[in-house]
Amino acid sequence: MTLVDATPDQLAEHPGWVRVCALTDLEVERGRAALLGSTQLALFLLRDGHVHAVSNLDPYSDAHVISRGIVGTRQDAPSVASPMYKQVFDLRTGICMDTQGKDARSLRVWPATVSAGDVYVRWDAGA
Amino acid sequence: MPEATPPTRHTDAGDGTTHVVVVGAGMVTHRFVESLLTRADQSWRVTVIGEEGRHPYDRVGLTGFFSGATPEDLTLERRAFDDERVRFVPGDAAVRIDRAARRVTMRSGNSVAYDRLVLATGSYAAKLAVDGFGLEGCFVYRTLDDVNRLRSFVERRSAELGRPLTGTVIGGGLLGLEAAGALQGLDIDCTVVQSSDRLMSAQLDLAGGNALSRLIQSRDIRVRTNAVTTRLDPDRTGQVAGLEFRDGSYENTDVVVFTVGVRPRDELARNAEITTHPRGGVVIDAGCQTSDPRVLAIGEVANYDGMCVGLVAPGYAMAEVAATRLLGAEAQFPGYDLSTKLKLSGVDVASFGDAFGETPGALDVVYSDPVAGVYKKLVLSDDAQTLLGGILVGDASAYGSLRPLVGSALGGDPAAYLMPEGGVAAPTGDLPDEALVCSCNSVSAGSIRSAVHDEGCTDVAAVKACTKAGAACGSCVMMVKKIVGTELQKSGATLSNALCEHFDVSRRQLFDAVRVSGLTTFSAVIERFGRGRGCDICKPALASILSTLTGTHVLDGENATLQDTNDHVMANLQKDGSYSVVPRIPGGEITPDGLLAIGQVAKDFGLYTKITGGQRIDLFGARLEQLPDVWTRLVDAGFESGHAYGKSLRTVKSCVGSTWCRYGVQDSVGMAVQLELRYRGLRSPHKIKLGVSGCARECAEARGKDVGVIATEAGWNMYVGGNGGFTPRHAVLLAEGLSDAELLTAIDRFLMYYIFTADRLQRTAPWFEDLEGGLDGLRAVIFDDSLGICADLDAAMARHIEGYEDEWKATLQDPEKLRRFASFVNAPTTPDPSLAYVAERGQVRPATAAERESPVLIAGTVLEVRR
Ligand code: SRM
Ligand SMILES: Cc1cc2nc3c(=O)[nH]c(=O)nc-3n(C[C@H](O)[C@H](O)[C@H](O)COP(=O)(O)OP(=O)(O)OC[C@H]3O[C@@H](n4cnc5c(N)ncnc54)[C@H](O)[C@@H]3O)c2cc1C
Ligand code: SF4
Ligand code: FES
């Protein structure tokens, strides 16, 4: 789940939080890729201020393109459509909501939060 | 299934109710309860006893746990168990059946009386009975608790050892491969150990098994066949550390998963002296009844015809049969369908029907391409007419369409079905009504058709909700889609024209709504005419509409967020995530200097170059962060965007014409250049292509275009509505002998009329086919202004021509727009590390998965760049 506005001391209690970029580096309802070690993440900033972090690797094409997909909603779920073969994923859980007739595959997700204008991702779960 | 006749009552309680007790709360129980209650009246009571302490969940999707699915996500529809007639006892197990007293006793000491008892206890996952099987670090793969424990162990153990783990999956069947994929996802270096000579030996022949081994190994999972495990050893802490094989070899391992098969949980029945099979399982007849008429058994625990089967589809079929029988109607379990498809990402394997050709006289048709890693086999009846079964490895795309055909005539050359994709079109919606389309939920083509015609379903989602077709493994969805499409077309009227879940109207209606309301942003439009925040269907459609009506840059303001990645970065996405770049070359005419400039750019950036079918040059393999640099160079050399990425004007193809050609009667190149410059950047419901030929020999193939222009002595002949693609059509003659000016006006109006009124992704040919009044109607609109809209159309086109600017040039001058070309937000110029290329015929191409591992790799795209 995504936390919004965690305080700096909440972050300090979790040494696993890593600062990735400034909130202003993100564009509302559009993705940006980020690189942590050799892992590619896709960050999404929604209209309500939530930031979501999912894997940039599209499990259907094996290309790192999720950050370049179209952001929207499916029912109540915030979603991103892979630009390659148009599978749609729930940004909160990474679960594929429209497999386009393929087997279900989901995106890895990481907890993400915004604190004092910066975007953090929790990275202790093992990259 | 037949409708329920008045139920046969087994109500000895005397209170008028029938009490069904179900032991086990797995997938099959869930289906049973759902099926029973949707048809049973208020006099039925159901008690479900479930050992796992959870609501039934999707065991088939268990592996999703490793890619982020929570237990809640895997939970099956709760509605059935919320019914007031159901009592669910989770976290308790049935331990004894007293058949005389018709009572089930639970571990907690509680007991419950039954009128009818249903055993749906599923299976145990077996471990291999070798020394050390119980060591810490040895797991099975069956329940949510299993995978939870596995993940915790792996996290702890790799922290403890301070390195990535090595893992072993013992058992190379369907489940073993899935488990291996899961371990790999946990960063474990993994080997699959199989005691027989091939993977998936229950489904594949030797050649298929070998092809699969190669595929699995190319995904970095090692495979050992003919390897019988004889012992597991612990390290000093008592955790598993190694395993020994019969041939004396030894391997280190930190975690072991057993997937060596399942054993039916028939102990309850055996202790109660209900007949069980010597090889395990509660023996049932075709009505799912056991040797005790009051006791039924369904799912994996049931043994029918001497077999227990670990697939959910037959279990569901049994659930339906049992529910129907309890309600007093007739139903028979039809026997097992053993078709299976592997759910491992990137590995395509399927096996269906009589895959081993055991039917007497059966013939095999085999296609094998070891280089591409493809092996396909169809098994046919002795007269080669009827499809009996098959095996598909490496490319299982035909599975969805072939499986329903088992038992029927194949129709056509069997070899055609096995060729690489694109050889022939897969069979379409002409399946017989009784053909099974969705085998997981046993839905026939006929049921899907009736869902469309009788239940009013208008899309796949509705059919899925209504029939459950496609709701389990999903491999039939494409087929379902085809049938729904065909049926909707037949009934014409019921076709829903809603754009998507966010807009109830069609593109055409939306276009009018936006035009009349004068709204200029997506947010305003969706708030007024739609709901939610849009999707990949309505956002690009609205971007196109707004572009026609407001003429702003694709990346201006909120517009930018609406664009598909191609429009968003003004280049064409390629399979590996890199892009291709196509500069405009109007009419295909290019100066030698222009050619040299493009060549130099390609060389400096290491881009693959190819002449396109549209008379221009495509440069492939540019990375996101390179696009502005590539375009700086191209713009400096005088080129502009070719819009190869947009739903917009693509090219105006030309032949050499009267300037050089001895037969040409007009300057076709000059006209093509003029047209291309006039309509460049024009956004539309789908792409638009034009062609101009200098005489009737038609070397520019103009009649294959949306607008084709052919020169005659008397002037230009104009043709409309042609295209190539999936359904090629020749353009038809709209007007003859037009002057230059008349031609431009006619094309202006034709294109704008199309843009105003066509559906999303509808090219001119199908649009024209649906157009009221046909060709004469179109002539009346364009030449006689029958709708009184010509002034609007002309004004819209004039606005476009005047407002045109090169998108790329404008982007390069705007730092704000350039920000989105950073490869990574925290490392803006670092190339995508996953890109890799090899040389072929003197240029680069993306490396295949296998090549990425091998030393022939020439580079990530980080080639020398000269500025
Ligand atoms: C590059 C090129 C092939 C080539 O190497 O020659 C090509 C490449 C693609 N075509 Fe094409 N088509 C190319 C000429 C054609 C032609 C021939 C022509 O234009 O004379 C046709 C048949 C004529 C026609 O359009 O009616 C053609 C019919 C299609 C179709 C089918 C359209 C239809 O109405 O059925 C698609 C699919 C689509 O657009 O939805 C398609 C889609 C594509 C896409 C965009 C597929 C994709 O989404 O990745 C390819 C992208 C190329 C890229 O990344 O740059 N391409 N495509 C040609 C580019 C021409 C250009 O300079 O812009
Ligand atoms: C990882 C994985 C992937 C799979 N993939 C596929 C696939 O792609 N396609 C396919 O067709 N099949 C697949 N299967 C098999 C499929 O999940 C099973 O065939 C199906 O779940 C069987 O359903 P069931 O209800 O008979 O048994 P189960 O789902 O096993 O349910 C039985 C339940 O009964 C409970 N129980 C047992 N004894 C008692 C008792 N005495 N008292 C109370 N409760 C008891 C058990 O705890 C269990 O919860 C897969 C299985 C696994 C593990
Ligand atoms: S025909 Fe067109 S779409 Fe198909 S592979 Fe060739 S370029 Fe791609
Ligand atoms: S065949 Fe599995 S969902 Fe239809």
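A note on names: the letters A, B, ... follow the listed sequences, proteins ahead of strands, and every chain is numbered from 1.
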Note to self: At a 4.5 Å cut-off on heavy atoms, which part of A:S106 comes close to chain B: side chain, backbone, both, or neither?
What the structure shows: both

Notebook entry, point to check: Measuring heavy-atom distances to chain A, does B:A560 have an atom under 4.5 Å in its side chain, in its backbone, in both, or in neither?
Noted result: both

Check: Which region of A:E29, side chain (C-beta onward) or backbone (N, CA, C, O), has a non-hydrogen atom less than 4.5 Å from a non-hydrogen atom of chain B, or is it both or neither?
Finding: both

Next item on the list: Say whether B:R59 and B:Y57, considering side chains only, have a donor N or O and an acceptor N or O under 3.5 Å apart.
Entry: yes

Notebook entry, point to check: What part of A:L41 is in contact with chain B, defined as an atom under 4.5 angstrom from a non-hydrogen atom: side chain, backbone, both or neither?
Noted result: neither

Check: Most heavy-atom pairs under 4.5 angstrom with chain A, which of B:C535, B:C500, B:G185, B:G534?
Finding: B:G534

Next item on the list: For each of A:A33, A:A63, A:G72, tally heavy-atom pairs with chain B at distances under 4.5 Å, and name the one with the top tally.
Entry: A:A33

Next item on the list: Using atom types as modelled and distance alone, determine if a side-chain donor or acceptor of B:D567 lies under 3.5 Å from a backbone N or O of B:D564.
Entry: no

Item checked: Heavy-atom contact with chain A under 4.5 Å, split by part of B:L186 -> neither

Note to self: If you count heavy-atom pairs within less than 4.5 Å of chain B, which of A:V28, A:V65, A:I95 leads?
What the structure shows: A:I95

Next item on the list: Mind ranking B:S834, B:G532, B:A827, B:G68 by heavy-atom pairs under 4.5 Å with chain A and telling me who comes out on top?
Entry: B:S834

Checklist line | From B:H502, B:R533, B:R531, residue fulfilling side-chain hydrogen bond (donor to acceptor under 3.5 Å, both in side chains) relative to A:T73 | finding: B:H502

Check: For the side chain of B:R623 and the backbone of B:D832, is there at least one donor-acceptor N/O pair under 3.5 Å apart?
Finding: no

Check: Are B:S523 and B:E558 close enough that a side-chain donor and a side-chain acceptor fall under 3.5 Å?
Finding: yes

Checklist line | Part of B:T63 within contact of chain A (heavy atom distance under 4.5 Å) | finding: neither

Next item on the list: Have a look at A:W110 and tell me which of A:L36, A:T39, A:V20 forms a side-chain contact (heavy atoms from CB on, under 4.5 Å) with it.
Entry: A:T39

Checklist line | Contact class of B:S158 relative to chain A, heavy atoms under 4.5 angstrom | finding: neither

Next item on the list: Counting only heavy atoms closer than 4.5 Å, note whether B:D576 contacts chain A via side chain, backbone, both or neither.
Entry: backbone

Item checked: Residues that A:V109 engages under side chain to side chain contact (heavy atoms under 4.5 Å, CB included), provided they are two or more places apart -> A:V54

Next item on the list: Using the side chain to side chain contact (heavy atoms under 4.5 Å, CB included) rule, take A:F44 and A:I66 through it: C-alpha gap first, then chi angles, then the decisive distance, then the call.
Entry: CA-CA 10 Å; A:F44 295 91; A:I66 293 296; 4.1 Å; yes

Notebook entry, point to check: Rounded to the nearest 0.5 Å, how far does CZ of B:R820 lie from CG of B:L624?
Noted result: 10.5 Å

Notebook entry, point to check: chain B: which of A:R74, A:R68, A:Q75, A:K86 shares the most heavy-atom pairs with it under 4.5 Å?
Noted result: A:R68

